[in-house]
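Quick note: numbers below take in every heavy atom, side chains included, and nothing from hydrogens, waters or symmetry partners.
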Amino acid sequence: MFNDEYFMRMALQQAHNAFEQDEVPVGCIVVSNDRIIAKAHNLTETLNDVTAHAEMQAITAAANFLGGKYLQNCTLYVTLEPCVMCCGALNWSQISKVVIGARDEQRGFINKNLSLHPKTEIVLGVLENECSALVKDFFKNKR
(Lines give C-alpha, C1' and ligand atoms only; values in the text may rest on other atoms or scores of the structure.)
Protein backbone atom coordinates (compact mmCIF):
# COMPACT_ATOMS: atom_id res chain seq x y z
CA MET A 1 0.00 0.00 0.00
CA PHE A 2 1.19 3.49 -0.83
CA ASN A 3 1.49 5.67 2.27
CA ASP A 4 4.00 8.10 3.78
CA GLU A 5 6.06 5.28 5.28
CA TYR A 6 6.25 3.43 1.96
CA PHE A 7 7.49 6.50 0.10
CA MET A 8 9.90 7.49 2.89
CA ARG A 9 11.51 4.07 2.47
CA MET A 10 12.11 5.01 -1.17
CA ALA A 11 13.73 8.27 -0.03
CA LEU A 12 15.86 6.27 2.42
CA GLN A 13 17.12 4.17 -0.49
CA GLN A 14 18.31 7.39 -2.09
CA ALA A 15 20.00 8.39 1.19
CA HIS A 16 21.82 5.05 1.24
CA ASN A 17 23.00 5.76 -2.33
CA ALA A 18 24.43 9.06 -1.10
CA PHE A 19 26.11 7.33 1.86
CA GLU A 20 27.80 4.86 -0.53
CA GLN A 21 29.08 7.79 -2.61
CA ASP A 22 30.51 9.50 0.50
CA GLU A 23 27.86 12.23 0.28
CA VAL A 24 25.92 13.42 3.34
CA PRO A 25 23.17 10.77 3.30
CA VAL A 26 20.04 12.72 2.49
CA GLY A 27 17.56 11.21 0.08
CA CYS A 28 14.49 12.65 -1.52
CA ILE A 29 11.67 11.67 -3.85
CA VAL A 30 8.74 13.53 -5.35
CA VAL A 31 5.40 11.76 -5.78
CA SER A 32 2.42 12.75 -7.91
CA ASN A 33 -0.74 10.62 -7.97
CA ASP A 34 1.01 7.78 -6.11
CA ARG A 35 3.76 7.73 -8.75
CA ILE A 36 7.40 8.61 -8.10
CA ILE A 37 8.30 11.32 -10.61
CA ALA A 38 11.72 12.27 -9.22
CA LYS A 39 14.44 10.60 -7.13
CA ALA A 40 17.52 12.35 -5.80
CA HIS A 41 20.19 12.42 -3.15
CA ASN A 42 22.88 14.86 -2.13
CA LEU A 43 25.47 15.46 -4.86
CA THR A 44 27.42 18.36 -3.37
CA GLU A 45 30.74 16.48 -3.33
CA THR A 46 30.23 14.74 -6.67
CA LEU A 47 29.28 17.94 -8.49
CA ASN A 48 31.45 20.24 -6.35
CA ASP A 49 28.33 22.36 -5.93
CA VAL A 50 27.04 23.57 -2.55
CA THR A 51 23.53 23.89 -3.99
CA ALA A 52 23.31 20.23 -5.09
CA HIS A 53 21.18 19.15 -2.13
CA ALA A 54 18.78 16.24 -2.57
CA GLU A 55 15.75 18.54 -2.46
CA MET A 56 17.13 20.89 -5.12
CA GLN A 57 17.91 17.95 -7.42
CA ALA A 58 14.43 16.47 -6.87
CA ILE A 59 12.61 19.79 -7.41
CA THR A 60 14.41 20.29 -10.73
CA ALA A 61 13.78 16.71 -11.88
CA ALA A 62 10.09 16.86 -10.92
CA ALA A 63 9.58 20.22 -12.64
CA ASN A 64 11.23 18.85 -15.78
CA PHE A 65 9.01 15.77 -15.65
CA LEU A 66 5.86 17.84 -15.24
CA GLY A 67 6.90 20.48 -17.74
CA GLY A 68 6.31 23.37 -15.36
CA LYS A 69 7.89 25.09 -12.38
CA TYR A 70 5.13 24.46 -9.83
CA LEU A 71 4.79 21.21 -7.92
CA GLN A 72 1.17 21.55 -6.92
CA ASN A 73 -0.47 18.19 -6.20
CA CYS A 74 2.95 16.72 -5.44
CA THR A 75 4.51 15.42 -2.24
CA LEU A 76 8.22 15.61 -1.45
CA TYR A 77 9.63 12.97 0.90
CA VAL A 78 13.00 13.85 2.41
CA THR A 79 14.99 11.96 5.02
CA LEU A 80 16.35 15.08 6.75
CA GLU A 81 14.67 18.41 7.41
CA PRO A 82 15.43 20.85 4.59
CA CYS A 83 17.87 23.70 5.11
CA VAL A 84 17.05 27.37 4.55
CA MET A 85 18.02 27.23 0.86
CA CYS A 86 15.86 24.18 0.19
CA CYS A 87 13.00 25.68 2.19
CA GLY A 88 13.05 28.69 -0.11
CA ALA A 89 13.04 26.51 -3.22
CA LEU A 90 10.19 24.40 -1.86
CA ASN A 91 8.27 27.55 -1.03
CA TRP A 92 8.65 28.87 -4.58
CA SER A 93 7.69 25.48 -6.05
CA GLN A 94 4.32 25.67 -4.23
CA ILE A 95 4.60 21.96 -3.43
CA SER A 96 1.46 20.59 -1.77
CA LYS A 97 3.04 18.42 0.91
CA VAL A 98 6.48 17.84 2.45
CA VAL A 99 7.13 14.73 4.54
CA ILE A 100 10.27 14.89 6.69
CA GLY A 101 12.02 11.92 8.27
CA ALA A 102 14.40 13.39 10.86
CA ARG A 103 14.66 16.94 12.16
CA ASP A 104 17.88 18.91 11.70
CA GLU A 105 17.93 21.04 14.83
CA GLN A 106 21.02 23.04 13.75
CA ARG A 107 20.55 23.63 10.04
CA GLY A 108 16.89 22.89 9.37
CA PHE A 109 14.41 25.60 8.43
CA ILE A 110 11.95 25.04 11.29
CA ASN A 111 14.19 26.36 14.09
CA LYS A 112 15.03 29.35 11.86
CA ASN A 113 11.35 30.38 12.07
CA LEU A 114 10.88 29.93 8.34
CA SER A 115 7.92 28.30 6.69
CA LEU A 116 6.94 26.76 3.40
CA HIS A 117 4.18 27.99 1.10
CA PRO A 118 1.01 28.70 3.14
CA LYS A 119 -0.86 25.86 1.41
CA THR A 120 1.93 23.30 1.93
CA GLU A 121 1.17 20.56 4.43
CA ILE A 122 4.14 19.41 6.56
CA VAL A 123 4.41 15.97 8.15
CA LEU A 124 7.28 15.30 10.58
CA GLY A 125 8.88 12.17 11.96
CA VAL A 126 8.12 9.50 9.34
CA LEU A 127 10.73 6.73 9.88
CA GLU A 128 12.56 9.23 12.05
CA ASN A 129 14.82 6.68 13.78
CA GLU A 130 16.09 5.14 10.52
CA CYS A 131 16.61 8.54 8.90
CA SER A 132 18.43 9.94 11.92
CA ALA A 133 20.62 6.86 12.42
CA LEU A 134 21.94 6.99 8.85
CA VAL A 135 23.11 10.60 9.22
CA LYS A 136 24.62 9.91 12.66
CA ASP A 137 26.49 6.86 11.34
CA PHE A 138 27.86 8.88 8.44
CA PHE A 139 29.30 11.60 10.65
CA LYS A 140 30.52 9.13 13.28
CA ASN A 141 32.59 7.46 10.54
CA LYS A 142 33.98 10.86 9.50
CA ARG A 143 35.35 11.65 12.96
Side-chain angles (χ1 to χ4, degrees), residues 1-47 49-141:
M1 168 162 275
F2 298 128
N3 58 24
D4 287 346
E5 192 170 299
Y6 172 85
F7 287 119
M8 186 60 76
R9 290 201 186 285
M10 301 296 111
L12 262 170
Q13 287 179 354
Q14 292 298 309
H16 282 283
N17 291 346
F19 189 97
E20 292 169 10
Q21 295 175 23
D22 205 31
E23 296 276 358
V24 175
V26 177
C28 187
I29 65 167
V30 177
V31 174
S32 177
N33 297 316
D34 287 335
R35 179 176 176 202
I36 297 171
I37 63 169
K39 298 178 185 178
H41 57 77
N42 275 358
L43 289 171
T44 58
E45 301 300 325
T46 302
L47 299 177
D49 178 357
V50 297
T51 68
H53 290 193
E55 300 94 326
M56 302 297 278
Q57 302 299 309
I59 290 167
T60 299
N64 286 335
F65 179 87
L66 294 171
K69 61 186 176 181
Y70 297 117
L71 302 182
Q72 295 161 334
N73 302 313
C74 293
T75 301
L76 180 131
Y77 293 85
V78 62
T79 58
L80 188 66
E81 178 184 339
C83 70
V84 171
M85 172 184 69
C86 294
C87 172
L90 288 165
N91 186 348
W92 285 110
S93 79
Q94 298 181 20
I95 194 152
S96 297
K97 182 177 175 183
V98 174
V99 180
I100 298 168
R103 291 283 314 276
D104 185 344
E105 301 290 338
Q106 293 179 339
R107 296 196 168 135
F109 76 94
I110 294 171
N111 282 354
K112 308 285 189 222
N113 294 320
L114 297 174
S115 60
L116 298 176
H117 190 272
K119 293 183 180 177
T120 301
E121 176 188 353
I122 300 173
V123 176
L124 297 171
V126 176
L127 300 181
E128 181 176 7
N129 292 337
E130 294 95 321
C131 294
S132 179
L134 188 59
V135 173
K136 288 177 182 173
D137 287 348
F138 178 80
F139 285 110
K140 186 167 74 175
N141 292 335

Looking at every non-hydrogen atom in both residues, tell me the closest pair between [X] and [Y] and how far apart they are.
{"X": "Ile37", "Y": "Ala62", "result": "CD1-CB, 3.9 Å"}
{"X": "Ala61", "Y": "Ala38", "result": "CB-CB, 3.8 Å"}
{"X": "Pro82", "Y": "Cys87", "result": "CB-N, 4.3 Å"}
{"X": "Met8", "Y": "Ile100", "result": "CE-C, 3.7 Å"}
{"X": "Ser32", "Y": "Cys74", "result": "CB-SG, 3.9 Å"}
{"X": "Pro25", "Y": "Thr79", "result": "O-OG1, 3.9 Å"}

Go through it in stages, so that I can follow the logic: the residues are Glu130 and Arg9, the test is side-chain contact (heavy atoms from CB on, under 4.5 Å), and I'd like the CA-CA distance, side-chain angles, deciding distance and then a yes or no.
CA-CA 9 Å; Glu130 294 95 321; Arg9 290 201 186 285; 3.9 Å; yes

Would His117 and Tyr70 count as a side-chain contact (heavy atoms from CB on, under 4.5 Å) here? Give the steps.
CA-CA 12 Å; His117 190 272; Tyr70 297 117; over 6 Å; no

Got a donor-acceptor contact below 3.5 angstrom from the [X] side chain to the [Y] backbone?
{"X": "Glu45", "Y": "Asp22", "value": "no"}
{"X": "Thr75", "Y": "Val31", "value": "no"}
{"X": "Asn42", "Y": "Val24", "value": "yes"}
{"X": "His53", "Y": "Glu55", "value": "no"}
{"X": "Thr120", "Y": "Ile95", "value": "yes"}
{"X": "Glu81", "Y": "Phe109", "value": "yes"}

Check the surroundings of atom [atom1] in [X]: do more than 12 heavy atoms from other residues, nucleotides or ligands lie under 6.0 Å from it?
{"X": "Asn64", "atom1": "CG", "result": "yes"}
{"X": "Lys112", "atom1": "NZ", "result": "yes"}
{"X": "Glu105", "atom1": "CD", "result": "yes"}
{"X": "Asn33", "atom1": "CG", "result": "no"}

Name the orientation class of the two ring planes belonging to Phe19 and Phe138 (parallel below 30°, tilted from 30 to 60°, perpendicular beyond 60°).
perpendicular

Run the side-chain contact (heavy atoms from CB on, under 4.5 Å) test on Leu134 and Leu12 for me, step by step, so that the C-alpha distance in whole Å, both residues' side-chain angles and the decisive distance to 0.1 Å come before the verdict.
CA-CA 9 Å; Leu134 188 59; Leu12 262 170; 4.3 Å; yes

Approximate separation, where rounding is to 0.5 Å, of [X] [atom1] and [Y] [atom2]:
{"X": "Ile36", "Y": "Tyr6", "atom1": "CD1", "atom2": "OH", "answer": "5.5 Å"}
{"X": "Met56", "Y": "Leu43", "atom1": "CE", "atom2": "CG", "answer": "12.5 Å"}
{"X": "His41", "Y": "Gln57", "atom1": "NE2", "atom2": "CD", "answer": "9.0 Å"}
{"X": "Arg35", "Y": "Phe7", "atom1": "CZ", "atom2": "CZ", "answer": "11.5 Å"}
{"X": "Leu114", "Y": "Cys83", "atom1": "CG", "atom2": "SG", "answer": "10.0 Å"}
{"X": "Met85", "Y": "Leu90", "atom1": "CE", "atom2": "CG", "answer": "10.0 Å"}

Is any side-chain heavy atom of [X] closer than 4.5 Å to a side-chain heavy atom of [Y]?
{"X": "Val78", "Y": "Val26", "result": "yes"}
{"X": "Arg103", "Y": "Asn111", "result": "yes"}
{"X": "Asp104", "Y": "Val135", "result": "no"}

So Cys28 and Leu76, side-chain contact (heavy atoms from CB on, under 4.5 Å) or not? Walk me through it.
CA-CA 7 Å; Cys28 187; Leu76 180 131; 3.5 Å; yes

Return the set of residues passing side chain to side chain donor-acceptor pair (under 3.5 Å) with Thr44 (not counting sequence neighbours), or none when no residue passes.
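Listed in chain order: Glu23.
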
